[in-house]
Amino acid sequence: FPSHDRKPKSTEFSLKKVRLPDEYESFKRLDKIGKKALRYLYDRQITDEQIHKHKIGFAAIGRYRGRIILPIYYKQVCVGYTARSFIGEEPKYLISDGEKFLYGYPTKRQKRCILVEGPFDKLRVEKYIHNYDVIGRQGSALTDVQLHVLSKYKKVVLWNDPDEPGIKGVEKIAKTLKRETNCKIFGIKPCGVEVDPGDMTKKEIERCVSNIVPWSDYLVKKLYVNIL
């Protein structure tokens, strides 16, 4: 019989402090490229309050030139960062070395969370949904540390981007969470919104959140049919 006391093997002390790149700048003093970075964030409807809260910065020189720097914190300690190009360079994202964590994991946790695909999905959804913690993941394979912190939630809602890689990613995560934690797993059934959460309007986000349902094989089939 399966155990009813499934716990990830990780401990809270597996994360190491990561130093932000030397090129990192805040938006306190803006040069030409800094103004372009800020315009990019505004175009994606990121607010000044979010920029300050999440310590979002940018780089004007070096390896990260032309990238938004999104620090990743755990218990107010930087444990990683994501760097997103705003000048069209590839790869679109660069991720710091070391243990991958979750973007926007809160200091004070609620009992349920919505797990989205990336930082900009998280930043958009958190503006309008306040009765869930909204967290951005990095990739579709959960590490032991990520499992450890997610296992503290009673309810985890998996919100995929509307494409095949997005669905495959949440399928993999759902199986891992069901196998390794006692969380109740949910998803969002198709509701006529065909864009990533990071590009949705307030009404579209609210409509999707109103369509949260328990995770099931039937839901997965509906998600695949929706992208055909």
Side-chain angles (χ1 to χ4, degrees), residues 15 17-108 114-130 132-139 159-163 165-166 193-206 208:
L15 292 170
K17 184 176 181 180
V18 171
R19 180 179 174 180
L20 288 171
D22 293 337
E23 306 98 303
Y24 171 89
E25 295 183 49
S26 70
F27 287 96
K28 292 179 181 177
R29 182 173 57 84
L30 295 179
D31 55 12
K32 184 177 180 180
I33 197 166
K35 290 177 181 177
K36 189 172 182 178
L38 190 60
R39 174 49 52 195
Y40 174 83
L41 291 175
Y42 287 164
D43 287 346
R44 299 204 65 165
Q45 299 185 31
I46 309 302
T47 65
D48 288 330
E49 181 182 358
Q50 288 178 302
I51 292 170
H52 176 74
K53 175 183 176 183
H54 297 292
K55 299 180 174 62
I56 300 171
F58 70 99
I61 60 172
R63 181 191 179 197
Y64 297 103
R65 181 183 180 277
R67 292 183 180 273
I68 301 294
I69 309 293
L70 301 128
I72 297 169
Y73 288 92
Y74 180 57
K75 293 188 175 181
Q76 301 180 337
V77 174
C78 182
V79 295
Y81 55 86
T82 295
R84 205 283 187 199
S85 175
F86 59 87
I87 58 174
E89 289 192 351
E90 295 292 338
K92 193 180 294 184
Y93 287 94
L94 293 175
I95 298 174
S96 57
D97 295 333
E99 182 83 56
K100 288 183 180 179
F101 194 52
L102 302 164
Y103 183 72
Y105 186 78
T107 303
K108 294 183 179 180
I114 296 175
L115 191 62
V116 292
E117 195 159 312
F120 286 97
D121 295 326
K122 179 263 189 307
L123 291 167
R124 178 64 66 90
V125 175
E126 75 169 8
K127 288 172 63 178
Y128 309 118
I129 304 301
H130 307 296
Y132 288 83
D133 290 336
V134 183
I135 301 169
R137 57 185 172 86
Q138 292 183 293
W159 193 346
N160 59 282
D161 285 354
D163 53 31
V193 183
E194 306 302 330
V195 296
D196 295 350
D199 297 317
M200 289 183 185
T201 65
K202 179 177 184 289
K203 286 185 178 180
E204 288 171 337
I205 288 171
E206 290 173 343
C208 288

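Along the sequence shown, residues carry numbers from 1.
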Out of curiosity, [X] [atom1] to [Y] [atom2], how far, rounded to the nearest 0.5 Å?
X	Y	atom1	atom2	value
K202	I129	NZ	CD1	8.0 Å
L30	R39	CG	CZ	11.5 Å
E25	I33	CD	CD1	9.0 Å
L15	Y73	CG	OH	14.0 Å
L115	D133	CG	CG	11.0 Å
W159	Y132	CH2	OH	10.5 Å

Problem set entry | Any residue meeting side-chain contact (heavy atoms from CB on, under 4.5 Å) with I87, in chain and number order, not counting sequence neighbours |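 For I87 the side-chain contact (heavy atoms from CB on, under 4.5 Å) partners, ignoring immediate neighbours, are K36, R65, S85, E89.
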Would you check if the side chain of [X] reaches a backbone N or O of [Y] as a donor-acceptor pair within less than 3.5 Å?
X	Y	answer
K127	T47	no
R124	R44	yes
D196	D199	no

For this session: Flag the pair K53 and E49 as a salt bridge only when some basic side-chain nitrogen lies within less than 4.0 angstrom of an acidic carboxylate oxygen.
Result: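 Looking at K53 and E49, the cut-off is not met.
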Exercise. Which residues pass the ring-ring contact (aromatic ring centres under 6.0 Å, His included) test with Y105, sequence neighbours left out?
Worked result: Y74, F101
4.5 Å side-chain heavy-atom contact, [X] and [Y]:
X	Y	value
D161	P197	yes
Q138	I72	yes
K55	Y24	yes
M200	C208	yes
R63	L94	yes
F58	L41	no

Problem set entry | Residue pair E23, R67: steps toward the side-chain contact (heavy atoms from CB on, under 4.5 Å) verdict | CA-CA 10 Å; E23 306 98 303; R67 292 183 180 273; over 6 Å; no
Write down the atom of [X], the atom of [Y], and the distance for their closest heavy-atom approach.
X	Y	result
G166	N160	O-CB, 3.4 Å
V18	G80	CB-N, 3.7 Å
G34	F27	O-CE2, 3.7 Å
D121	G198	OD1-N, 2.7 Å

For this session: Might you confirm whether atom CD of Q76 has over 12 heavy atoms from other residues, nucleotides or ligands at distances under 6.0 Å?
Result: no
Problem set entry | D43, CG atom: more than 12 neighbouring heavy atoms under 6.0 Å |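 Above 12, so yes.
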Problem set entry | Candidate list L123, I135, T82, test side-chain contact (heavy atoms from CB on, under 4.5 Å), partner Y103, passing option |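 The side-chain contact (heavy atoms from CB on, under 4.5 Å) with Y103 is passed solely by L123 among L123, I135, T82.
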Problem set entry | Derivation and outcome, side-chain contact (heavy atoms from CB on, under 4.5 Å), residues L38 and I51 | CA-CA 9 Å; L38 190 60; I51 292 170; 3.7 Å; yes
For this session: Return the orientation label for the Y93 and F120 ring planes: parallel under 30°, perpendicular over 60°, tilted otherwise.
Result: tilted
Problem set entry | I68/Y40 under side-chain contact (heavy atoms from CB on, under 4.5 Å): CA gap, chis, key distance, verdict | CA-CA 9 Å; I68 301 294; Y40 174 83; 3.9 Å; yes
